[in-house]
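See below for the structure under consideration.
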Amino acid sequence: MLERGLEEKYYVLNLGPQHPSTHGVLRVELQMEGEFIVKADPDIGYGHRGHEHMAENRTYLQFLPNLGRVDYLHALAYNQCYCMAVEKLLELKVPERAEFIRVITCELNRIASHLLWIGAYLLDLGAFTPFLYCFDDRENILDLLDRVTGSRLTYCYYRFGGVPRDVDDDFLAGCKAFARRLRSRYRDYENLVNKNVIFLERTKGIGIITPEQCVQYGLTGPMVRGSGIPYDIRKCEPYSVYPLFDFEIPVGSTGDVYDRYMVRYREMEQSLRIIEQAVDRIPAGPIMAEKVPKRIKPAPGEVYVAVEAARGEFGIFLVSQGETAPYRLKLRVPSFGNLSILPEIAVDTLVADLVAILGSIDVVVPEIDR
Amino acid sequence: MLLNDLTQALGRLNLAKVAPGEYHKSGCHLEVEAAPAQMPEVARVMLEQGCFLESLTAVDFPEHFTLVYHFNHFRELCRTVVHARVPKEAAAPTISHIYPGANWYEREVYDLFGLTFAGHPDLRRILLPFEADFHPLRKKFAPSETPADA
């Protein structure tokens, strides 16, 4: 019996739900003619945990640890967005030192996320060695963040009004040492990957996304920057102390898989620049705002706050009705919008190329499923 | 300036409200209220101005649903929020033929709230299992009612 929408003349292939290239539980139902894809239908929701429903049923503070589990690879950006949303409703002013600490740790987390993506993505394409290099470098970040946040992956480090624990000089020196270390590895990455003929052949000219499609689908992050649009919330809608730092937004030109790879690769250097400037200029002072209410009960209102996460724009739409829990909390996750373009760009490609395209979207499936 | 262009273009549509928002409070530069039936027109204007659909969701109030659309622009920061009140048990028109990206967002709203979109090409559940018979973000939904716990 054929399910709805399936045509008998095509070969149906399930990519996933347990497929190495989907990086989580994602199924893509492919209808194929020979090895070419006629229709691709992503089936998501295998890991739906009801985060938005949970938000309505617990206090503001109780919901904070959930944020580290929405996108576990860039957990700190999600922490930050939620804290910013609540701080905006409470009209709390975060001390500058806390903002610097947030920026340093968030950027470290971004590099860790990109490193993991590069390693795992190249694994998809059949290259095993870069994965070991990436995880070796990423391990350094995890050790650094472990020192201040107490965890290695699902961070829950920021609080409403600041951060709970100060960083020490060893951490700051460690950040500088890490920057030196990662820079010394660029030559390896370039020789191993960026100039690798097989890699170039497999990534150039496929999965092209036009700027018009970016608007139609509301793509964000490296997806839109790969297509040449310099949309980065850190610059376009500056938050925290990002305006104090000098950094660039890498963009691509053709919008293919290779451009998206290069955008992420070059973003790591920009994050390092931010970290170094922040470490040099971090001011002394308090790390927590004064007069943070014990019971968080924001006045009625609506707020939309967005941050630039590793995968794109993460936004929180929060409706408060003056209760101890949000009336409605919507998590606008970047991978959801980014994946929704797959049915369009997958058509007429080979299955092997679909793996390269799907990987280049950099989906974190638990984030899509929420 | 985009804000002025949008205000003018939306002003021609005879909407209930087109007013500058308090950005430092709400995060939105322009606040709009529209009837659900006007949403395709609004979406068309937003697309003409080059805005992208940032987020689409709903809020369940006791008397009605409110659909909340956020639009933003890649080149110039101008977030527009559009509220559209939909009576319970009524359908809202789809905007997925204008913004293909709205297709999944509308499926999500249908899935979580049970609010239907007239003219949507493929209104299936997206996050919950296809055979689920509840809509978890409705306020009257209690987790203990789920079949899994029964």
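Every chain is numbered from 1 and lettered A, B, ... according to where its sequence line falls, protein lines coming before strand lines. When reading the values below, keep in mind they use all heavy atoms of this one structure, side chains included, and skip hydrogens, waters and symmetry mates.
Interface remark: A/L339 contributes backbone and side-chain atoms alike to the contact with chain B (heavy atom separation under 4.5 Å). Heavy-atom distances place the side chain of A/D41, and not its backbone, under 4.5 Å from chain B. The part of A/D43 that comes within reach of chain B is its side chain, from C-beta onward, which places non-hydrogen atoms under 4.5 angstrom from that chain. Contact of B/D60 with chain A is made through the backbone alone, with heavy-atom distances under 4.5 Å. Heavy-atom distances place the backbone of B/L56, and not its side chain, under 4.5 Å from chain A. Heavy atoms closer than 4.5 Å to chain A are found in the side chain of B/L47, but not in its backbone. Heavy atoms of A/F317 lying under 4.5 Å from chain B belong exclusively to its side chain. Within the 4.5 angstrom heavy-atom criterion, only side-chain atoms of A/V319, from C-beta onward, approach chain B.
Ranked by non-hydrogen atom pairs under 4.5 Å with chain A, the options B/Y99, B/F61, B/W104, B/Y105 are led by B/W104. For the set B/I126, B/V81, B/L53, B/I98, the count of heavy-atom pairs under 4.5 angstrom toward chain A peaks at B/I126. Each of A/D369, A/I368, A/L318 has some count of heavy-atom pairs under 4.5 Å with chain B, and the biggest count is that of A/D369. Most heavy-atom pairs under 4.5 Å with chain B, from the set A/R328, A/E56, A/Q321: that is A/R328. In terms of heavy-atom pairs under 4.5 Å with chain A, the best-connected choice from B/K25, B/R125, B/H73, B/R79 is B/R79.
Contact of the A/E302 side chain with the B/S26 side chain is not registered, since no non-hydrogen atoms from C-beta on lie closer than 4.5 Å. Taking 4.5 Å as the limit, every side-chain heavy atom of A/C214 sits out of range of all side-chain heavy atoms of B/F52.
Looking only at atom types and distance, the side chain of A/E91 has no donor-acceptor partner in the side chain of B/H24 under 3.5 Å away.
The environment of B/R138 atom CZ is dense: over 12 non-hydrogen atoms of other residues, nucleotides or ligands sit within 6.0 angstrom. More than 12 heavy atoms of other residues, nucleotides or ligands shown are found within 6.0 angstrom of NZ on B/K88.
Aromatic rings of A/Y304 and B/Y23 (six-membered ring for Trp) have centroids beyond the 6.0 Å cut-off, not under it.
Minimum heavy-atom separation, B/G101 to A/S340: CA-OG, 4.5 Å. For A/G228 against B/R75, the heavy-atom pair with the smallest separation is O-NH2, 4.3 Å. The minimum heavy-atom distance between A/R332 and B/S55, with the atom names listed, is CG-CB, 3.6 Å.
Note that CD of A/E237 and SG of B/C78 are 10.5 Å apart. Values are rounded to the nearest 0.5 Å. Atom-to-atom distance recorded for B/L137:CG and A/L329:CG is 10.5 Å, nearest 0.5 angstrom.
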| said: Could you walk me through whether B/E108 and A/R370 satisfy the salt bridge (charged side-chain N to carboxylate O under 4.0 Å, His left out) test, starting with their C-alpha distance in whole Å, then the side-chain angles of each, then the deciding distance to 0.1 Å, before giving a yes or no? | reply: CA-CA 11 Å; B/E108 185 192 310; A/R370 276 160 287 157; 2.9 Å; yes

